[in-house]
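The sequence lines fix the lettering, A, B, ..., with proteins before strands; numbering per chain opens at 1.
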There are 2 protein chains.
Amino acid sequence: MVGIKDVARQAGVSVGTVSNVLNRPERVSHEIRARVHAAIDLLGYVRSESARQLRAGHSRMLGLLVMDTGNPFFAVLAQGTERVAAEAGLGVMVCNSAESAAAEQGYLSLFVEQRLRGVLFAPVASDGEPWQALRRANIPFVVVDRAVDTRTACSVAADDVLGGSLAGRHLLAAGHRRIAYVHGPGHLQQVRDRREGLARAVEEAGLGIDTIVDIPAEKLDVSAGRDAGARLLGLSPRPTAVFCTNDLLALGVMQTTFDAGVRVPDDLAVIGYDDIEFAEASLIPLTSVRHPAAEIGRLAAGLLLQEIEPPDPERGHQHTGIVLQPELVVRRSSTPQP
Amino acid sequence: MVGIKDVARQAGVSVGTVSNVLNRPERVSHEIRARVHAAIDLLGYVRSESARQLRAGHSRMLGLLVMDTGNPFFAVLAQGTERVAAEAGLGVMVCNSAESAAAEQGYLSLFVEQRLRGVLFAPVASDGEPWQALRRANIPFVVVDRAVDTRTACSVAADDVLGGSLAGRHLLAAGHRRIAYVHGPGHLQQVRDRREGLARAVEEAGLGIDTIVDIPAEKLDVSAGRDAGARLLGLSPRPTAVFCTNDLLALGVMQTTFDAGVRVPDDLAVIGYDDIEFAEASLIPLTSVRHPAAEIGRLAAGLLLQEIEPPDPERGHQHTGIVLQPELVVRRSSTPQP
DNA sequence: CGGTATGGATGAAACGATTCACATCGCCGT
DNA sequence: ACGGCGATGTGAATCGTTTCATCCATACCG
């Protein structure tokens with residue numbers, strides 16, 4: 001494999017000069033610059049990132065650790081961070097913890113071994129300090145899709161409790177008095193917060209807590225939603241509305257109930273969460289709480305870049321917690337036609 | 001940052017021994033092994049991947065370059081390769097060429113700079129040799145989701161022409177005589193092959209080529225599908241069936257037409273391609289040609305691993321081209337209820 | 001003409017691991 | 001007692017960059 005030394009020999013200059021041509025071209029005379037570039041083209045030389053990293057002490061990559069790469073919500077979030085990172089000349093390595101705390105730790109150690117420049121991650125576990133490995137290694141990180149104490153770290157999240165309330169108020173205002181909450185694993189903060197919001201809305205309305213019927217689902221995907229939908233159909237009295245922890249569940253629920261001849265929204269109003277593209281694309285467009293994925297990704301990447309190199313070096317870095325406001329997007333699945 | 005030297009000093013051994021503990025523990029006595037591990041824990045030592053890479057000459061990562069990370073088809077494919085790679089102790093770096101040949105080249109050079117161990121990629125451009133950079137750098141690669149000459153490289157693809165034919169025959173057997181083909185950008189091989197299959201089915205049936213009505217779409221996503229659906233509605237006479245290059249387009253088409261009161265499948269039969277999860281999850285489940293994403297991902301990763309280290313070193317490596325058979329998955333969107 | 005900036009180029013040290021030729025030691029068989 | 005052997009440990013060389021102290025002309029100033 002051809003290295004910088006070969007280029008130097010070919011161009012008849014020293015290795016230091018070649019390095020300068022690559023990194024600080026303005027310091028090198030035109031003529032030599034041309035000679036070096038010619039040599040590079042001739043030999044097909046490509047810089048070795050690993051050697052650069054070794055010298056620099058860290059790589060030129062960010063890590064992004066999400067809970068489900070199959071969920072379009074995270075795909076969009078990833079695209080947001082990728083764009084910002086690319087502008088700063090950084091690459092992004094996206095990994096899938098698949099909602100497993102063990103996998104999460106595995107990837108975090110991988111990130112440390114790789115000496116990533118920074119990490120964005122959506123923690124699975126709700127307790128403990130999953131980011132300890134990063135802390136020890138002095139790798140800047142931003143918590144994504146979950147708010148944490150600003151003494152701990154930067155974070156970018158949306159207000160899930162508010163989101164739950166928006167959904168709840170909407171359903172209650174439409175007269176629903178028996179609302180199912182289809183939810184994923186309870187160890188996820190999001191799952192609990194959204195329920196909490198729903199409960200508050202119920203309380204605001206002066207209704208009893210038994211207005212809410214919990215329907216647990218194994219995972220946060222469509223097939224778990226279908227399953228939950230089947231269980232919902234068996235309930236009696238049947239809820240007249242259902243709020244789901246995310247859109248994938250909602251799409252699954254809607255499909256099962258639709259199949260069974262239940263009319264949506266007339267017999268059953270359905271609300272999802274995240275507002276992924278497929279929510280809008282459903283034949284009965286799904287009412288959803290918009291969770292600004294791309295923006296979370298962009299802002300988080302921005303905070304991370306700031307933490308990596310503070311614009312105002314003397315003041316150092318101050319952790320920031322950004323909380324975005326979710327927004328209810330009302331569509332057909334929750335609003336009977338006149 | 002603590003390095004192997006610090007560990008060696010702390011444990012009172014040489015650096016070589018620490019390296020042995022890490023890489024060939026069986027060569028080291030129990031006692032020393034324990035001392036070294038104690039030192040590692042005490043100091044919080046973490047191996048530097050970049051240093052290992054520099055020495056080894058290549059990284060322990062594979063690259064996966066796909067055309068749209070937002071398309072669940074590729075998300076599933078990626079999960080397939082990730083599993084196989086993980087078993088071999090390799091990580092995967094997933095990148096998004098976004099159907100742009102320029103971005104594709106950009107990522108390929110990135111891969112070369114990183115000295116990735118191997119690369120899987122779904123080429124955007126249909127002509128030329130997009131993999132030249134990899135060739136020059138001697139990085140093994142497998143072409144994914146597109147068949148190429150086995151003298152050139154390994155590849156894993158599905159037979160898109162056959163897939164198109166399956167869709168076509170299905171529609172023709174149901175009596176459709178005017179079939180729209182909603183397709184993405186024509187520079188993609190898949191787009192052309194699937195149409196070719198449809199055309200063959202039409203020919204087999206002894207019908208004229210004007211049985212097919214082309215409806216171009218800008219991209220291969222839902223919103224382009226909606227747009228195409230609107231144009232389809234304006235056609236007269238209106239096709240009675242529509243075949244789409246992928247499921248995202250089909251979902252978009254189906255939504256627009258459904259909205260306009262066109263009954264699917266009675267007034268308009270719809271077939272997609274890929275059979276992503278959302279095809280099955282649609283309220284009117286979408287008939288689709290199953291494109292085995294996970295399997296493509298797994299097999300391609302397998303071939304790549306073989307190319308990286310041939311099981312039978314004396315025989316060297318022989319490029320292999322795997323072509324999988326697609327399968328028609330008939331659902332409600334193409335079959336009127338009795 | 002001596003002194004001194006200045007712009008360009010140099011080459012050695014350092015980054016942190018792996019590897020390999022070599023050293024050491026105890027033990028066995030003759 | 002000695003050569004040989006296996007098991008264990010050592011430390012220097014190496015990978016390909018970047019960086020920095022240094023050096024060399026050349027031009028400029030007084």
Side-chain angles (χ1 to χ4, degrees), chain A residues 1-37 39-40 43-61 89 109-110 112-117 137-139, chain B residues 1-37 39-40 43-61 89 109-110 112-117 137-139:
Chain A
M1 175 110 307
V2 25
I4 205 176
K5 261 187 270 194
D6 307 288
V7 174
R9 192 174 328 120
Q10 171 74 30
V13 298
S14 74
V15 294
T17 301
V18 176
S19 178
N20 278 334
V21 170
L22 261 24
N23 302 305
R24 301 192 286 289
E26 73 283 0
R27 306 241 158 134
V28 181
S29 71
H30 277 255
E31 194 220 329
I32 296 264
R33 216 187 300 171
R35 283 228 309 270
V36 169
H37 277 127
I40 286 176
L43 301 177
Y45 164 76
V46 182
R47 278 232 248 328
S48 156
E49 254 303 299
S50 30
R52 306 186 72 190
Q53 275 178 41
L54 175 58
R55 189 89 228 294
H58 54 73
S59 89
R60 307 160 54 71
M61 286 258 164
S109 349
L110 180 67
V112 177
E113 285 191 357
Q114 306 254 18
R115 305 288 193 272
L116 294 193
R117 196 68 208 275
N138 252 328
I139 296 181
Chain B
M1 175 112 304
V2 24
I4 204 175
K5 262 187 269 196
D6 307 288
V7 174
R9 192 174 330 120
Q10 172 73 32
V13 297
S14 74
V15 294
T17 301
V18 176
S19 179
N20 279 333
V21 170
L22 261 23
N23 302 304
R24 302 193 282 293
E26 73 283 1
R27 306 242 157 138
V28 180
S29 72
H30 276 256
E31 195 220 330
I32 296 263
R33 215 186 303 171
R35 284 227 309 271
V36 170
H37 277 127
I40 287 176
L43 301 176
Y45 164 75
V46 183
R47 278 230 255 321
S48 156
E49 255 303 299
S50 29
R52 305 185 74 191
Q53 275 178 40
L54 175 57
R55 189 87 229 294
H58 54 75
S59 88
R60 305 159 55 68
M61 287 258 165
S109 351
L110 180 67
V112 177
E113 285 191 357
Q114 306 254 17
R115 305 287 194 271
L116 294 193
R117 196 66 207 274
N138 251 327
I139 295 181

Show me the donor-acceptor pairs, under 3.5 Å and distance only, between side chains in residues 49-57 of chain B and residues at least two apart or in other chains.
residue, atom, partner, partner atom, Å
Glu49(B), OE2, Arg52(B), NH1, 3.4
Ser50(B), OG, Ser48(B), OG, 3.2

- Write down the atom of Asp6(A), the atom of Met1(A), and the distance for their closest heavy-atom approach. OD2-O, 4.3 Å
- Task: Taking all heavy atoms of Gln114(A) and all of Ser59(A), pick out the closest pair and write down the distance.
- Result: O-CB, 3.7 Å
- Query: Checking Arg35(B) side chain against Ala11(B) main chain: does a donor-acceptor pair fall under 3.5 Å?
  - Reply: yes
Quickly work out the [X] [atom1] to [N] [atom2] distance and round it to whole Å.
{"X": "Leu54(B)", "N": "dG16(C)", "atom1": "CG", "atom2": "P", "result": "12 Å"}
{"X": "Arg115(A)", "N": "dG16(C)", "atom1": "CZ", "atom2": "C1'", "result": "9 Å"}
{"X": "Ile40(B)", "N": "dA17(C)", "atom1": "CD1", "atom2": "C1'", "result": "13 Å"}
{"X": "Glu31(B)", "N": "dG9(D)", "atom1": "CD", "atom2": "C1'", "result": "13 Å"}
{"X": "Ile4(A)", "N": "dT10(C)", "atom1": "CD1", "atom2": "P", "result": "12 Å"}
{"X": "Asp6(A)", "N": "dC15(D)", "atom1": "CG", "atom2": "C1'", "result": "13 Å"}
{"X": "Arg9(B)", "N": "dG16(C)", "atom1": "CZ", "atom2": "C1'", "result": "13 Å"}
{"X": "Met1(B)", "N": "dG16(C)", "atom1": "CE", "atom2": "P", "result": "9 Å"}

- Please determine which of Val7(B), Val21(B), Val18(B) meets the side-chain contact (heavy atoms from CB on, under 4.5 Å) test together with His37(B). Val21(B)
Under 3.5 Å, which protein N or O atoms sit close to an N or O of nucleotides 10-13 of chain D? Give each pair with its distance.
residue, atom, partner, partner atom, Å
dT10(D), OP2, Ser14(B), N, 3.0
dT10(D), OP2, Ser14(B), OG, 3.2
dT10(D), OP2, Thr17(B), OG1, 2.6

Just how far is it from atom [atom1] of [X] to atom [atom2] of [Y], taken to the nearest 0.5 Å?
{"X": "Arg115(A)", "Y": "Ile139(A)", "atom1": "CZ", "atom2": "CD1", "result": "7.5 Å"}
{"X": "Ile4(A)", "Y": "Leu22(A)", "atom1": "CD1", "atom2": "CG", "result": "6.0 Å"}
{"X": "Leu43(A)", "Y": "Gln10(A)", "atom1": "CG", "atom2": "CD", "result": "5.0 Å"}
{"X": "Arg60(B)", "Y": "Leu110(A)", "atom1": "CZ", "atom2": "CG", "result": "10.0 Å"}

- Query: Want to settle it: does Arg24(A) or Val28(B) sit nearer the 5' end of DNA chain D, counting the closest nucleotide to each?
  - Reply: Val28(B)
- Task: Within residues 43-51 of chain A, find the residues that approach DNA chain D with a heavy atom at under 4.0 Å, and present them sorted by residue number.
- Result: Tyr45(A), Val46(A), Arg47(A), Ser48(A), Ala51(A)
- Message: Nearest to the side chain of Arg52(A), heavy atoms from C-beta on, is which of dA17(C), dG9(D), dT18(D)?
- Response: dT18(D)
- Message: Applying a 4.0 Å non-hydrogen cut-off, can you work out what Ser19(A) is touching in the nucleic acid: base, sugar-phosphate, or nothing?
- Response: base
